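Since the structure comes first, as structure tokens, the remarks are kept for the end.
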Number of protein chains: 2
Amino acid sequence: MSVISIQLGNNLYCKDPQSTELGKKIVLHSIKLISELGFEAFTFRKLSMQIDSTEASIYRYFDNKHRLLVYLIAWYWAWMEYKIEYETHHLGNPQEKLDRIIRLITEKKVPDDTFPDIDEEALNKIVIAESDKTYLTKRVDKDNQNGLFKGYKSLCDHIAALILNINPNFTFAHALASTALEASNQQVFFAEHLPSLTELSKLEDPYSANYHFVKNLIFKTIDA
Amino acid sequence: MSVISIQLGNNLYCKDPQSTELGKKIVLHSIKLISELGFEAFTFRKLSMQIDSTEASIYRYFDNKHRLLVYLIAWYWAWMEYKIEYETHHLGNPQEKLDRIIRLITEKKVPDDTFPDIDEEALNKIVIAESDKTYLTKRVDKDNQNGLFKGYKSLCDHIAALILNINPNFTFAHALASTALEASNQQVFFAEHLPSLTELSKLEDPYSANYHFVKNLIFKTIDA
DNA sequence: CTATAAATGATAGTATTACTATCAACGAAT
DNA sequence: ATTCGTTGATAGTAATACTATCATTTATAG
């Protein structure tokens with residue numbers, strides 16, 4: 001039995017949280033706490049109490065809570081890439097691949113037994129409500145230089161390449177890919193909190209509706 | 001000569017900043033400071049020093065800096081609605097109206113002499129970099145109940161109505177409208193800070209490119 | 001089995017933030 | 001002349017976001 005783990009660039013942490021028990025506890029409980037409290041109300045102090053440790057110990061893994069958030073989001077996108085690779089490598093044409101990716105991105109997230117230390121459902125909540133905060137800061141350029149957004153950019157690239165495969169003349173492949181990725185999460189947030197901004201909450205199955213919305217958005221837009 | 005001013009719901013402030021000199025100074029300089037420092041590093045203390053006043057005085061106008069941000073963003077969207085009304089009421093068909101709206105939303109913002117107290121260019125920067133933070137909080141449901149997002153929702157409605165006018169069978173009019181609104185700002189941010197997520201930065205005129213991207217996105221998607 | 005290094009815990013301390021409270025001073029309206 | 005509304009001045013508090021130091025436990029290598 002081989003153990004799969006998601007390896008992340010070493011700029012994403014001070015000390016690799018996957019390398020120790022404490023590190024794993026930090027990740028596990030930070031997902032729980034951030035999804036419950038929201039990122040603003042989340043503090044290392046609260047986390048340290050939750051895991052019976054100290055602030056100082058947590059600071060040895062992550063410089064600050066923003067870095068921890070960036071790490072979690074990066075883990076999420078690396079996980080998505082892994083799932084996409086797994087579920088699309090056997091597919092023949094780019095249309096099918098793209099369709100499958102859209103399904104994976106929009107579907108309801110359930111616990112993935114491959115990674116028992118991560119609550120993927122709670123992490124998805126964080127991605128929906130907090131991921132924009134990873135780059136909406138004054139540090140974005142430095143963070144980008146340090147490769148903190150590599151995973152997301154790579155996924156965007158991946159989707160853009162398929163789009164260009166389907167229609168080589170489409171000018172805005174990356175723009176459409178990033179728009180679709182952002183929208184797929186944003187619409188879920190709107191459905192729950194600002195329902196007049198979307199139809200998703202009115203339809204029987206919001207996840208399926210989201211899938212159809214995003215699929216339609218992409219395929220109609222790139223059609224030559 | 002009639003003076004036009006943008007009236008905002010009274011839940012957006014404690015005391016109307018447009019009613020006093022100090023209030024106007026708060027708005028004027030907060031736009032400057034937030035656009036320079038970013039919302040996280042912006043504090044009432046820094047603002048009070050900038051305008052030679054005190055924190056306590058600022059708190060009489062806004063409960064906290066988040067409320068001030070919400071106020072500024074609400075002002076922006078009310079201003080956009082005003083401009084849209086002005087520039088589209090004479091147009092005949094919904095296609096033309098929608099096209100004009102997309103142009104207004106994506107075009108580079110220049111100072112509007114009608115409102116000398118507001119630096120629209122700096123405010124647009126804030127909208128691009130900070131506006132998602134108005135609703136990405138644990139308070140979003142309460143804030144929404146208090147009508148803080150009325151302006152944005154109304155604009156989204158406005159666009160969705162035109163979309164339905166053009167294609168009454170399109171299921172996701174509001175979802176597409178909110179996606180387009182979000183994307184039009186997000187793409188500008190990406191172009192500047194995460195350029196691999198968009199083509200905008202590579203093209204001669206990024207604003208014009210954004211206009212074509214969003215226009216294409218909407219019109220292709222709704223086409224029956 | 002011991003020496004040594006690595007990881008963690010315990011504790012303390014600091015500058016800043018995000019407020020709240022109180023009271024004095026000032027100008028404008030009645 | 002009084003009173004009201006606005007602002008300024010000052011003070012104070014709990015919490016946050018760290019940083020630093022040193023002791024203790026745990027793992028590992030010889």
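Remember, predicted model here, so these are calculated numbers, not experimental data. Order of the sequence lines sets the chain letters (A, B, ...), proteins ahead of strands, with each chain counted from 1.
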Give one of base, sugar-phosphate or nothing for A:Tyr59, where a contact means two heavy atoms less than 4.0 Å apart. base
Can you give the first and last nucleotides of DNA chain D, 5' to 3', that have an atom under 4.0 Å from a heavy atom of chain A? D:dT16 to D:dA20
Main chain of B:Ile6, side chain of B:Gln18: is a donor-acceptor contact present, judged purely on distance under 3.5 Å? yes
Between N or O atoms, less than 3.5 Å apart, protein on one side and nucleotides 23-30 of chain C on the other: list the pairs.
none

To the nearest Å, how far apart are A:Glu40 CD and C:dA18 P? 11 Å
Please confirm whether the backbone N or O of A:Phe42 pairs with a side-chain atom of A:Lys65, one donor and one acceptor, at under 3.5 Å? yes
A:Phe44-A:Tyr61 aromatic ring centre distance below 6.0 Å: no
Could you tell me the separation between the CG atom of A:Asp16 and the P atom of C:dA6, rounded to a whole number of Å? 17 Å
Starting from C1' on C:dC19, measure out to CD1 on B:Ile58 and report it in whole angstrom. 13 Å
Can you measure B:Phe42 atom CZ to C:dT16 atom C1' for me and round it to whole angstrom units? 16 Å
Is it true that the NZ or CZ of B:Arg67 lies under 6.0 Å from the centre of B:Phe62's six-membered ring and within 45 degrees of the ring axis? no
OH of A:Tyr61 versus C1' of C:dA7: gap in Å, rounded? 7 Å
A:Glu55 CD to C:dG9 C1', in whole Å, measures 13 Å
In whole Å, what is the span from the CG atom of B:Asn64 to the P atom of C:dC19? 5 Å
Is the side chain of A:Lys150 donor-acceptor paired with the backbone N or O of A:Asn146 at a distance under 3.5 Å, no angle test? no
A:Gln186 and B:Gln186, any side-chain heavy atoms less than 4.5 Å apart: yes
